[in-house]
Amino acid sequence: MAVLRHLSLRDFRNYTSLDLDLSEGRIVFSGNNGHGKSNVLEAIAYLGSLGSFRGAPPDALIRAGAPAAVIRATVESGDRDLLIEAELVRGRANRIQVNKQRLGRARDLLGMMPVTVFGPDDLELVKAGPGLRRGYLDDLLVQLHPRNAKLCSEVDKILKQRNALLRSAGGRMTPDVESTLSVWNSKLGVAGEELGRARQHLVARLEPRVNDAYGALAGEGNPVALGYEPAWLVAGLQRELEASKTDELRRGTTLVGPHRDELEISLATMPARTHASQGEQRTMALALRIAGHHEVADVVGTSPVLLLDDVFSELDDSRAEALLGLLVADQTMVTTAAGAPPVDGPIQHFVVRDGAIFAG
């Protein structure tokens, strides 16, 4: 079980102060746009991912004029009760505490409160460039096991060092450049191939889940296919880096590796990014999120807290009902500007107005 029992915010976004007791089951935050509904979900998601699901930098999460923001949550996670506190300080590293003990590394928080976020920008997951799809896979890998955060971070650091060397070389392969490049090739070869294999294995597990979710949402049987088959993973990354080094020196950047890969998504054998309608793309994005949610729940053994940010405004009633029927969680939080979505059973309802929250 993963349930957020109490949420406290201080100087987070437009909230000077907020204290909420939360129940299991479904919770709805309704109100006009721009009043702070999404900010509540963003704070909760931060504790699950150490980032903003809207892509905002940490300083943007701190209320204007305040030096710091605090997110504090009491969480029932499995057989543990956790007090999680995150302090975001302008111009300084964020401080994370669990049960009043400061974590030496912020990433040690990952996995303590798993979350799945559905947002209005999810359409871009299918429609935009490959970076968002790589991020989708890597975010899932981190939720499946926090050690993957270290792997993703290691790949990023190696790439930065290797690219800095390529830029500084100015297109010349001196003995020093060649020697140092060989070291970074070896490091990237090991870490990059580990990340590539992890992504490949994840995609194979996700594909049948995405197929099932898409069929249930769309009410049709068009087959969905996911593909992640980078050529360098077959040939060996270190070998491919060696083969591309002349071109990389000329261009001053790493041209081969997990940072340039694509998660290919097709619908009825055609690329979804270019051939699917916007409605089909939106349904596909929802299916990807649903598949990830179930994968995490099965592997981790706890259903992530579900955060549905303004998702229902783009869905008709039948798809909204299908979406909620496909998502099983101990706690689901929904934001909406149009009243509560069509849900069965009791809900806890809050009205959001000007950075304040009232029982609905």
Side-chain angles (χ1 to χ4, degrees), residues 38 41-42 45 49 51-56 115-144 152 195-196 198-230 258-296 304 306-316 318-327 334-335:
S38 297
L41 269 56
E42 187 176 29
S49 64
S52 162
F53 68 78
R54 295 189 280 188
V115 298
T116 300
V117 182
F118 290 71
D121 295 332
D122 277 349
L123 176 63
E124 297 300 305
L125 187 56
V126 177
K127 201 174 177 183
L132 285 178
R133 289 181 286 281
R134 290 193 297 268
Y136 162 77
L137 293 177
D138 292 347
D139 288 346
L140 273 178
L141 287 173
V142 170
Q143 290 222 59
L144 290 167
C152 293
L195 179 57
R199 287 177 178 173
Q200 195 172 53
H201 186 47
L202 174 59
V203 169
R205 298 197 308 268
L206 287 174
E207 186 177 53
R209 295 186 188 275
V210 174
N211 248 308
D212 290 346
Y214 185 88
L217 288 170
E220 59 186 45
N222 279 338
V224 175
L226 303 183
Y228 178 82
E229 299 291 340
H259 61 301
R260 298 181 72 89
D261 292 341
E262 170 69 287
L263 169 62
E264 296 174 351
I265 306 170
S266 63
L267 180 63
T269 74
M270 301 299 290
R273 183 186 178 201
T274 54
H275 288 70
S277 68
Q278 182 156 306
E280 289 170 332
Q281 290 174 338
R282 189 174 303 283
T283 303
M284 181 71 71
L286 290 171
L288 287 165
R289 294 294 187 200
I290 292 166
H293 175 78
H294 286 289
E295 180 68 16
V296 172
L306 270 170
L307 307 176
L308 305 171
D309 184 32
D310 194 29
V311 170
F312 296 98
S313 63
E314 301 288 343
L315 301 176
D316 57 32
S318 63
R319 293 199 182 190
E321 290 174 0
L323 173 61
L324 286 168
L326 288 167
L327 292 169
V334 177
T335 67

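Not measured: the values here are computed from a predicted model.
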For the residue pair Leu288 and Val126, establish whether any side-chain heavy-atom pair is separated by less than 4.5 Å. yes
Does a side-chain heavy-atom distance below 4.5 Å link Leu202 with Tyr228? no
With the side chain counted from C-beta on, respond yes when Leu324 and Leu308 share a heavy-atom pair under 4.5 Å apart, and no when they do not. yes
Note: Val117 and Phe53 closest approach over all heavy atoms is CG1-CG, 3.7 Å
Which heavy atom of Gly227 sits nearest a heavy atom of Val203, and at what distance? N-CG1, 4.3 Å
Before you tell me yes or no, could you show the steps for Lys127 and Gln278 under side chain to side chain contact (heavy atoms under 4.5 Å, CB included), namely the whole-Å CA-CA distance, both residues' side-chain angles and the distance that decides it to 0.1 Å? CA-CA 8 Å; Lys127 201 174 177 183; Gln278 182 156 306; 3.2 Å; yes
His293 and Arg289: side chain donor to acceptor below 3.5 Å: no
State, yes or no, whether a side-chain contact exists between Arg273 and Glu264 at a heavy-atom distance under 4.5 Å. no
Is the shortest side-chain N to carboxylate O distance from Arg199 to Asp138 below 4.0 Å? yes
Rounded distance [0.5 Å steps], CD1 in Ile265 versus OH in Tyr214: 11.5 Å
Do Met284 and Leu267 come within less than 4.5 Å of each other through their side chains, counting heavy atoms only? yes
So, do Leu326 and Asp212 sit near enough that their side-chain heavy atoms are less than 4.5 Å apart? no
Spacing of CG belonging to Leu206 relative to CG belonging to Leu137, to within rounding of 0.5 Å: 7.0 Å
Taking the side chain as C-beta and beyond, is there a heavy-atom pair between Leu141 and Leu195 under 4.5 Å? yes
To the closest 0.5 Å, what do you measure between OG (Ser49) and CD (Gln143)? 7.5 Å
Are Pro130 and Asp261 close enough that some pair of their side-chain heavy atoms sits under 4.5 Å apart? no
How far apart are the closest heavy atoms of Glu42 and Ser52, and which atoms are they? OE2-OG, 2.5 Å
CG on Asn211 to CG on Leu226, rounded to 0.5 Å: 8.0 Å
Measuring from Leu125:CG to Arg133:CZ, what's the distance to the nearest 0.5 Å? 7.0 Å
Heavy atoms only: give me the nearest Pro304-Val296 pair and the separation to one decimal. CG-CG1, 3.6 Å
Closest non-hydrogen contact found for Val311 with Gly119 is CG2-N, 4.2 Å
Are the side chain of Thr116 and the backbone N or O of Leu306 linked by a donor-acceptor pair below 3.5 Å? no
Looking only at heavy atoms, the pair that brings Ser38 and Arg54 closest together is CB-NH1, 3.5 Å
Output for pair (Thr283 OG1, Arg319 CZ), nearest 0.5 Å, gives 3.5 Å
